[in-house]
Chemist: 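First the structure, then my questions, so here it is.
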Amino acid sequence: MKTFYLFYLIFFLALTSFAQEINWTFELKDSSFGQTAAGDIDGDGKLELVFGCYRNDGNIYALNAEDGSLLWKYNTSLNGKDACNDAAPIIYDIDEDGIPEVIVASSCTARTYCLNGTDGTVKWAAQSRGSDSPPSIADIDNDGKDEILHGEFGGYVICFDALTGAQEWEIAVDTHSWIQTAPSIADFDLDGNLDFVVATWNAVEGDTNRVYAYRGYDQKLLWSFDLAKYAYHGTAIANLDEDFYPELVIGDYSGLLIVLNAEDGSLVWDAVDSPSYYIGGPVAIGNIDTELEEELVIPTGSQIVCRNKNGDLKWKIVQNDAGQSFRGVALSDITGDNIPDILLATSTGKVAAYSGIGTPSQIFEYNINDYYGKSLDFNNAPIVADFDEDGTLDMFVIGGYTTYPDYESNYGLAISFKAGKGAGPDWLMFQKNIRRTSSDYLDPVSVKDVPMLGKVIISPNPSSEYIIIDYPFNKNEQVDMYETIRIFDVLGNEMQTTCIHKQSTSQERNRIQINVSALPTGTYFLRTGSVVQKFMIVR
């Protein structure tokens with residue numbers, strides 16, 4: 001009997017402790033698939049949360065992040081029923097008026113919508129084939145205007161003029177499949193033009209699934225690579241081997257993880273965990289320990305697996321209740337050690353955070369089913385920011401119960417709760433940014449994708465008060481010029497600008513020291529000329 005009361009007391013205290021961390025909740029009529037996007041869409045200086053819901057609800061919601069109050073909702077149905085929105089939305093100021101719009105690729109309704117951020121009214125709606133593929137945004141053809149890309153049912157990728165919604169092109173990737181992955185965008189071959197990559201979802205036994213890379217401005221197929229099985233979520237992009245060219249990382253439903261050279265699609269390495277589980281979610285790439293190189297965080301079945309850039313296994317987190325994190329994880333420092341932590345939600349109703357240093361340790365785990373009193377499947381990854389501006393980072397995630405074809409009993413719960421005090425950075429959307437790279441690879445949208453024609457050396461890295469920039473020059477080169485050095489944070493904000501006078505001869509290496517003591521702890525990008533280099537500030 002004493003054991004029973006002790007268990008009950010611990011259970012009660014755990015629920016009470018979690019309840020004290022909750023900011024707010026918002027009831028829904030169905031699950032939310034995809035992932036929430038956050039941005040200031042009404043110009044009030046605060047973040048809003050935008051997400052879509054499944055059939056029993058069918059709305060796109062915009063909630064005020066600080067208190068969960070409804071800003072607006074929009075139902076994507078054309079006939080009063082059968083609206084579902086499975087793909088993650090994106091927030092972007094397409095008309096550059098200072099107020100971002102919301103772009104949604106609807107699933108049941110074969111349309112892509114651009115909604116005004118302030119009130120949810122339709123700015124434009126364009127015909128599509130329907131989609132589970134989250135949209136991406138870039139000036140994909142170098143015409144000075146942004147385009148919106150996403151995959152479609154039937155095996156196509158479609159491209160719209162972001163401002164007007166006019167269709168610019170549509171290509172057939174594999175008409176025996178669907179394109180579920182978000183197009184991930186970068187300059188793969190460093191020719192100064194953006195490229196994009198998608199993968200196929202063809203569940204027919206015996207049919208081949210592939211990764212396809214295309215040149216952006218004319219949609220020329222650059223290369224393809226055979227997968228062992230179909231792929232649902234998209235590609236992570238990073239320069240893992242520091243050869244200037246990016247690598248592409250994607251997993252499939254056989255449990256195979258592959259890393260490809262982006263310029264030609266050649267295999268760098270692959271790996272399968274034993275026992276193998278399908279890889280449904282996108283890989284997240286970031287520096288999550290003290291070794292100062294990026295790790296790959298891979299959701300595979302009921303495990304979260306970490307590998308280093310060479311593919312070596314570093315650790316595994318196993319969910320003993322077989323809970324899965326189908327749409328990946330978020331990486332953000334919530335403990336104040338200036339190293340990103342791993343934040344996730346599971347299909348069995350739990351939200352959790354882990355430190356990835358050494359053997360991963362659990363920061364917290366909450367069973368939301370016990371708090372809510374109903375079974376919840378978290379079918380999206382958390383987003384992270386200080387939503388109420390109280391100095392503490394918050395997590396937001398949506399759980400639900402979904403059955404079909406009889407979906408009238410479905411329900412959902414959106415929940416915001418305290419995560420901890422740390423340096424972040426914010427994780428505000430699916431695959432981290434509007435080009436869906438799942439990493440910091442040329443992440444700031446203010447730092448344009450340009451060929452990395454050279455490399456500067458930044459030391460110390462991490463730094464605290466100053467950085468030293470070393471410029472290696474060619475043997476016979478002489479330099480006498482002024483150059484501007486710009487520093488961006490991971491959200492693309494220009495944080496510091498310095499104009500320096502470079503003087504060098506072939507016998508010496510130019511060395512510049514810059515004071516960065518005014519910048520807060522975090523990850524930054526330094527741009528000088530055509531070179532973009534990442535560094536960290538740690539205090």
Side-chain angles (χ1 to χ4, degrees), residues 34-35 37 88 90-92 133-140 146-151 157 181-190 193-199 211-214 216 222 231 233-251 257-263 265 268 279 281-288 294-299 309 327-332 340 381 383-384 425-452 488-492 523-525 527 532-534:
Q35 190 172 357
I90 203 166
I91 294 172
Y92 188 71
S133 166
S136 309
I137 296 179
D139 178 7
I140 198 71
D146 290 311
E147 284 78 36
I148 295 168
L149 285 70
H150 64 74
V157 173
T181 63
S184 293
I185 300 172
D187 182 358
F188 295 165
D189 50 10
L190 304 188
N193 299 297
L194 290 177
D195 310 296
F196 66 92
V197 59
V198 293
V211 180
Y212 293 86
Y214 293 90
L222 300 176
H233 283 117
T235 307
I237 302 177
N239 185 5
L240 298 176
D241 57 9
E242 299 182 357
D243 65 348
F244 304 140
Y245 291 92
E247 281 73 52
L248 309 180
V249 184
I250 191 170
L257 180 76
I258 60 170
V259 178
L260 305 175
N261 287 307
E263 67 270 25
V268 181
I279 301 174
V283 175
I285 301 177
N287 180 204
I288 60 171
E294 292 180 318
E295 286 78 36
L296 282 60
V297 183
I298 308 142
K309 65 181 183 179
R327 283 181 169 84
V329 304
L331 304 180
S332 178
I383 61 170
V384 186
D426 295 347
W427 190 285
L428 297 179
M429 68 187 78
F430 181 70
Q431 289 192 261
K432 199 175 196 303
N433 52 56
I434 63 173
R435 293 185 182 166
R436 310 301 194 188
T437 67
S438 294
S439 73
D440 285 335
Y441 182 76
L442 295 181
D443 189 20
V445 294
S446 300
V447 182
K448 298 298 184 182
D449 286 86
V450 295
M452 298 176 66
F488 299 82
D489 68 11
V490 294
L491 299 180
T523 300
Y524 294 89
F525 292 84
R527 178 173 179 171
V532 178
Q533 193 79 5
K534 185 168 71 172

Chemist: Check whether any side-chain N or O of Thr235 sits under 3.5 Å from a backbone N or O of Ser184 as a donor-acceptor pair, and report yes or no.
Modeler: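 Not at all, since once roles are kept as given, no pair shorter than 3.5 Å links the two residues.
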Chemist: Considering all heavy atoms of both residues, which atom of Ala381 and which atom of Gly328 are nearest to each other, and what is their separation?
Modeler: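 Shortest heavy-atom separation between Ala381 and Gly328 comes out as CB-O, 3.4 Å.
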Chemist: Are Thr181 and Val211 close enough that some pair of their side-chain heavy atoms sits under 4.5 Å apart?
Modeler: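 Side-chain contact under 4.5 Å: no.
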Chemist: With a 4.5 Å limit on heavy-atom distance, are the side chains of Val197 and Ile250 in contact?
Modeler: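 No, side chains not in contact.
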Chemist: Looking at Thr437 and Ile237, would you say the former's side chain and the latter's main chain have a donor-acceptor pair under 3.5 Å?
Modeler: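 Judged by distance alone, no pair lies under 3.5 Å.
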Chemist: Given side chains that start at C-beta, do those of Leu149 and Val198 come closer than 4.5 Å, heavy atoms only?
Modeler: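 The answer is no, as the side chains (C-beta and beyond) never meet within the 4.5 Å cut-off.
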Chemist: Arg436 side chain to Ile185 main-chain N or O, any donor-acceptor pair under 3.5 Å?
Modeler: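 The answer is no, because no donor-acceptor pair under 3.5 Å joins these two groups.
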Chemist: To the closest 0.5 Å, what do you measure between CG (Asp146) and OH (Tyr92)?
Modeler: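 Those atoms lie 3.5 Å apart.
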Chemist: Which residues pass the side chain to side chain contact (heavy atoms under 4.5 Å, CB included) test with Ile279, not counting sequence neighbours?
Modeler: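 If we apply the side chain to side chain contact (heavy atoms under 4.5 Å, CB included) test to Ile279, skipping adjacent residues, the hits are Leu257, Ile298, Thr300.
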Chemist: Is there a side-chain contact between Met429 and Ile91, using heavy atoms and a 4.5 Å cut-off?
Modeler: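 Counting from C-beta outward, Met429 and Ile91 never come under 4.5 Å.
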Chemist: What pairs with Phe430 under ring pair (Phe, Tyr, Trp, His ring centres under 6.0 Å), at least two apart in sequence or on another chain?
Modeler: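 Phe430 satisfies ring pair (Phe, Tyr, Trp, His ring centres under 6.0 Å) with His233 only.
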Chemist: What pairs with Asn287 under side chain to side chain contact (heavy atoms under 4.5 Å, CB included), at least two apart in sequence or on another chain?
Modeler: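 Partners of Asn287 by the side chain to side chain contact (heavy atoms under 4.5 Å, CB included) criterion, ordered by chain and then number, come out as Asp289, Leu292, Glu295, Met536.
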Chemist: Could you pull out all residues at least two apart from Glu294 that satisfy salt bridge (charged side-chain N to carboxylate O under 4.0 Å, His left out)?
Modeler: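 For Glu294, the residues satisfying salt bridge (charged side-chain N to carboxylate O under 4.0 Å, His left out) (neighbours in sequence not counted) are Lys534.
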Chemist: Any heavy-atom pair between the side chains of Tyr214 and Val157 that's under 4.5 Å?
Modeler: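 Of all side-chain heavy-atom pairs linking Tyr214 with Val157, none is under 4.5 Å.
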Chemist: Quick one, Leu240 and Val268 - any side-chain contact, counting heavy atoms below 4.5 Å?
Modeler: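 SC-SC contact between Leu240 and Val268 ruled out.
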Chemist: Please find the pair of heavy atoms, one from Asp187 and one from Leu194, that lie closest to each other, and give the distance.
Modeler: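 For Asp187 and Leu194, the tightest heavy-atom pair comes out as N-CD2, 3.9 Å.
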Chemist: Suppose we screen for side chain to side chain contact (heavy atoms under 4.5 Å, CB included). Which residues come up paired with Tyr245, at least two apart in sequence or across chains?
Modeler: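 Tyr245: side chain to side chain contact (heavy atoms under 4.5 Å, CB included) contacts with Leu190, Asp243, Glu263.
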Chemist: Is the shortest side-chain heavy-atom distance between Pro183 and Ser133 below 4.5 Å?
Modeler: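 Yes, close enough: below the 4.5 Å cut-off.
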Chemist: Got Glu247 and Asn239 here, is their nearest side-chain heavy-atom distance under 4.5 Å?
Modeler: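 Side-chain contact under 4.5 Å: yes.
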Chemist: Run the side chain to side chain contact (heavy atoms under 4.5 Å, CB included) test against Ser438 and tell me which residues pass, sequence neighbours left out.
Modeler: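 Result, side chain to side chain contact (heavy atoms under 4.5 Å, CB included) vs Ser438: Ala236, Pro282, Gln431.
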Chemist: Looking only at heavy atoms, what is the nearest atom pair of Ile140 and Asp195, with distance?
Modeler: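 Heavy-atom minimum between the residues: CD1-O, 4.4 Å.
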